[in-house]
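Presented below is the structure to which this report refers.
Lettering of chains follows the sequences in order, A, B, ..., and the numbering in each one begins at 1.
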2 protein chains.
Amino acid sequence: MKTAQRILDTAAGLFNERGERNVSASDVALELDISPGNLYYHFKGKDGILSALFLSFYRDIAGMLATPIADTDFLETSAPLERSWLFLTVIMEAMYAHRFFYLNMTDLMQRYPDIDRGMRRLMSLKRRASRALASELLAPVDITAQPQRLDHIADSMTMTLSYWLSFDQWMTPSEHPQQVIHRGVLQILSHCAPYLGDQAADFYHECELINARLLDAGSA
Amino acid sequence: MKTAQRILDTAAGLFNERGERNVSASDVALELDISPGNLYYHFKGKDGILSALFLSFYRDIAGMLATPIADTDFLETSAPLERSWLFLTVIMEAMYAHRFFYLNMTDLMQRYPDIDRGMRRLMSLKRRASRALASELLAPVDITAQPQRLDHIADSMTMTLSYWLSFDQWMTPSEHPQQVIHRGVLQILSHCAPYLGDQAADFYHECELINARLLDAGSA
DNA sequence: GTCTATACTGTGATAGAC
DNA sequence: GTCTATCACAGTATAGAC
């Protein structure tokens, strides 16, 4: 692997682990067994690393979020709940790999205007996607009659998607990433459950089934 | 006012405004027009200031959260929804005054074991309080039959209470604190709304009334 | 209690040899 | 592309005069 890419990967790992602000460019160089000067040849210091990391993160997430859920050809199922589940899982996995952007969000947004703009844009994409998911899941109960209700649900889903990794971290610390993501996806989707009335029990039951299937596939 | 207290107030203000990590002990001294040496006479550096700030914040919030909602004699009403509303408003106001503890939570918890322990404890108190609020508000629809549902609701309320100030900041930036808090309280309580069925509309309507009354009282 | 002086530390950054 | 050597600086902390 190229040195430049190794620097990015190592930096992201350290940022996730220790917090972005507690990792210096020299730390990254030390971890990689290269000299600080060498690192500065590839990137203009920590700022350069952060810019590069955020750019690729943004493209990654924004690309997934912007794709209308109906067009997600990579999700090989037509069941609404399962499609939503997979969609959110893929996104949360990408977020987990760069979770320091969320754990240290305020600080990063205050210091880097680019990250500020990008995160706001992502937020708005998340909201749109949440709204689409909720519309689809709640189609049977016809909630579209009350649009402001749908907004409330979408806001709750967006907030959960954005802060779950942080919230979960100090609720149940040190756990397998898969478990964290699983519970996050469930928590997001469960904002729709109460509106399903009698079908809510089925909803939760089906979520468990989907997750069990996914874990099997993952370990196979 | 004593110098020690002025240091604490000024520090909290700067932390809220610029982010805790972007404010040095010298910045606080500069803002107060005192010398850095003078500041170090009163507190053992920035760590000392943070410890003192957190201790008083913790006592403040924990005291309110630990009081069973039924015993809150300072809330001069017996209507469940209004009591909940006032209860949450008071707490969120205290949180707002020290919002940097939440905006920079991960970093502070990583660096200060005391803050880590304290925030976890506060979280667990918030959960308990949320559960009590939900139980009371949902008493008419008898949700107690499904305890895990109640846990889900309490988790959502706890999460909203903890992250609302951060979430709202980059949704609708630069607004009056009262508005931010108002929307936060509404968002927390609205996790109970869908379970109220036909009474949900009344619920939202009553929230608006309570808030209007509160704003009147505040400006009078 | 408050000040000025100063010293120590870690980080960010660069020049120039290999 | 990679290295060593070195610099500038901000933030932290202390000693001692007033």
### Message
If you compare all heavy atoms of Ala29(A) against all heavy atoms of Leu39(A), which two are closest, and at what distance to 0.1 Å?
### Response
N-CD1, 3.9 Å
## Note on the structure
Looking only at dT4(D), dT2(C), dG1(D), the nucleotide nearest the Ser35(A) side chain is dT4(D)
### Query
How would you list, by chain and number, every residue that makes a side chain to side chain donor-acceptor pair (under 3.5 Å) with Ser190(B), sequence neighbours excluded?
none
## Note on the structure
Classified by glycosidic angle (syn within 90° of 0, else anti), dA5(D) comes out anti
#### Entry: Between P of dC3(C) and CG of Leu32(B), the distance in whole Å
10 Å
### Message
If the cut-off is 4.0 Å, is Tyr41(A) near the phosphate of dG1(D), judged by side-chain N/O to OP1 or OP2?
### Response
yes
Contacts under 3.5 Å, N or O only, protein and nucleotides 7-12 of chain C:
from: dG12(C); atom 1: OP2; to: Ala25(A); atom 2: N; distance (Å): 3.0

### Task
Please report, rounded to the nearest Å, how far the P atom of dT2(D) is from the CZ atom of Arg6(A).
9 Å
### Task
Keeping to residues at least two apart or across chains, list the side-chain hydrogen bond (donor to acceptor under 3.5 Å, both in side chains) pairs with something in residues 47-62 of chain B.
Asp47(B)-Tyr112(B)
Between the protein and nucleotides 15-18 of chain C, list the N/O to N/O atom pairs that are separated by less than 3.5 angstrom.
none

### Task
Classify the side-chain pair Arg111(B)/Asn104(B) by whether it contains a donor and acceptor separated by less than 3.5 Å.
no
## Note on the structure
side-chain contact (heavy atoms from CB on, under 4.5 Å) filter on Leu214(A), not counting sequence neighbours, yields Trp85(A), Leu86(A), Thr89(A)
#### Entry: side chain to side chain donor-acceptor pair (under 3.5 Å) partners of Lys46(B), counting only residues at least two apart
Glu20(B)
### Spacing between Leu39(A) atom CG and dT14(C) atom P, to the nearest angstrom
13 Å
#### Entry: Residues forming a ring-ring contact (aromatic ring centres under 6.0 Å, His included) with Tyr204(B), sequence neighbours excluded
His152(A)
### Task
Taking side-chain contact (heavy atoms from CB on, under 4.5 Å) as the test, write out the residues that go with Phe167(B), two or more places apart.
Met123(A), Thr158(A), Met159(A), Tyr163(A), Trp164(B), Met171(B)
### Message
Side-chain N or O of Thr3(B) versus OP1/OP2 of dT2(C): is the shortest distance under 4.0 Å?
### Response
yes
### Nearest-Å distance for atom pair CG/P, residues Asp47(B) and dT14(D)
11 Å
### Task
With axes from five pairs an end, tell me the bend angle of the helix from dT6(C)-dA13(D) to dC18(C)-dG1(D), nearest 10°.
10°
### Task
For Ser26(A), enumerate each residue passing the side-chain contact (heavy atoms from CB on, under 4.5 Å) test, keeping only those at least two apart in sequence or located in another chain.
Ser24(A)
### Task
Please report, rounded to the nearest Å, how far the C1' atom of dT2(D) is from the NZ atom of Lys2(A).
14 Å
### Query
Sequence neighbours excluded, which residues qualify as side chain to side chain donor-acceptor pair (under 3.5 Å) partners of Arg117(B)?
Asp114(B)
### Message
Using OP1 and OP2 only, check whether a side-chain N or O of Asn38(A) sits under 4.0 Å from dG1(D).
### Response
no
### Message
Going by ring-ring contact (aromatic ring centres under 6.0 Å, His included), name the pairs with one or both residues in residues 19-38 of chain B, residues two or more places apart or in two chains.
### Response
none
### Whole-Å distance separating the CD1 atom of Ile49(A) from the P atom of dA13(C)
10 Å
